[in-house]
Amino acid sequence: MSPVELFEMYVNYFRRFHAHRLEKSKKKQSAILIQKLIRGWMVRKFIKKLKQRAVIDHAVSWQRFVKEYKALVSRIQKRYKVVKPSTPFVMTHIQEHMEKKKSKSVSFWHIPKYLVRDHLFCC
């Protein structure tokens, strides 16, 4: 018997006696693949919504919004004397920042008319 035939024989024995394990591992790998694809799709969808909100609600491009967000986080970290300032890109934090920024800008434009908004910008 040649080494190749002997190897094939052992592979067939293994398949015959461990078929249930192989099927179980195939199902597990398939489930992992499906989860990976769905999670990737959900993240892409979430980022797309954030990009649209940056343009619609804040009238800036996504790149500019992210740049402003990172500058804000780094300013805050420098103010509190963080040793190694870093700006992690956490989507939920960016979404919260968008919501707070929008609510503040909306409330700003509802200032009573007897206060001149233009004078608030000087100084």
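What's counted below: heavy atoms across the whole structure, side chains too, no hydrogens, waters or symmetry copies.
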- Please identify each residue that fulfils side-chain hydrogen bond (donor to acceptor under 3.5 Å, both in side chains) with Arg64, with sequence neighbours left out.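 Result, side-chain hydrogen bond (donor to acceptor under 3.5 Å, both in side chains) vs Arg64: Glu68.
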Return the [atom1] to [atom2] distance between [X] and [Y], rounded to the nearest 0.5 Å.
| X | Y | atom1 | atom2 | answer |
| --- | --- | --- | --- | --- |
| Ser86 | Gln77 | OG | CD | 5.5 Å |
| Gln35 | Ser30 | CD | OG | 11.0 Å |
| Ile94 | Lys70 | CD1 | NZ | 8.0 Å |
| Lys27 | Lys24 | NZ | NZ | 10.0 Å |

Check: With a cut-off of 6.0 Å (strictly less than), are more than 12 heavy atoms of other residues, nucleotides or ligands near OH of Tyr13?
Finding: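 Result for OH/Tyr13: open.
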Which pairs, with at least one residue in residues 61-86 and sequence neighbours excluded, count as a ring pair (Phe, Tyr, Trp, His ring centres under 6.0 Å)?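 For residues 61-86: His58-Phe65, Phe65-His97, Tyr69-His97.
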Q. Among Lys102, Lys101, Gln52, Glu99, which one satisfies side-chain contact (heavy atoms from CB on, under 4.5 Å) with Asp57?
A.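 Of all the options given, the one that passes is Lys102.
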With sequence neighbours left out, what residues match Ile38 under side chain to side chain contact (heavy atoms under 4.5 Å, CB included)?
->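 Partners of Ile38 under the side chain to side chain contact (heavy atoms under 4.5 Å, CB included) test: Ile34, Met42.
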task = Quick one: list whatever passes side chain to side chain contact (heavy atoms under 4.5 Å, CB included) with Lys78, sequence neighbours left out.
result =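 None.
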- [ ] For Arg44 and Lys49, run side chain to side chain contact (heavy atoms under 4.5 Å, CB included): C-alpha distance rounded to whole Å, both residues' side-chain angles, the deciding distance at 0.1 Å, then the answer.
- [x] CA-CA 9 Å; Arg44 286 190 301 275; Lys49 283 184 181 180; over 6 Å; no
Same cluster for [X] and [Y] if Ile/Leu/Val/Met/Phe/Trp/Tyr side chains link at under 4.5 Å?
| X | Y | result |
| --- | --- | --- |
| Val4 | Met9 | no |
| Met91 | Val73 | yes |
| Val66 | Val90 | no |

Give the other cluster members for Phe7, using side-chain heavy-atom distances under 4.5 Å between Ile, Leu, Val, Met, Phe, Trp and Tyr residues; answer none if it is isolated.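 Hydrophobic cluster check, Phe7: joined to Val11.
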Atom of Leu50, atom of Met98 and distance for their closest heavy-atom approach: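 Of all heavy-atom pairs spanning Leu50 and Met98, the closest is O-CE, 3.1 Å.
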Could you work out, with ring-ring contact (aromatic ring centres under 6.0 Å, His included) as the rule, every residue matching Phe46, not counting sequence neighbours?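 Here no residue qualifies.
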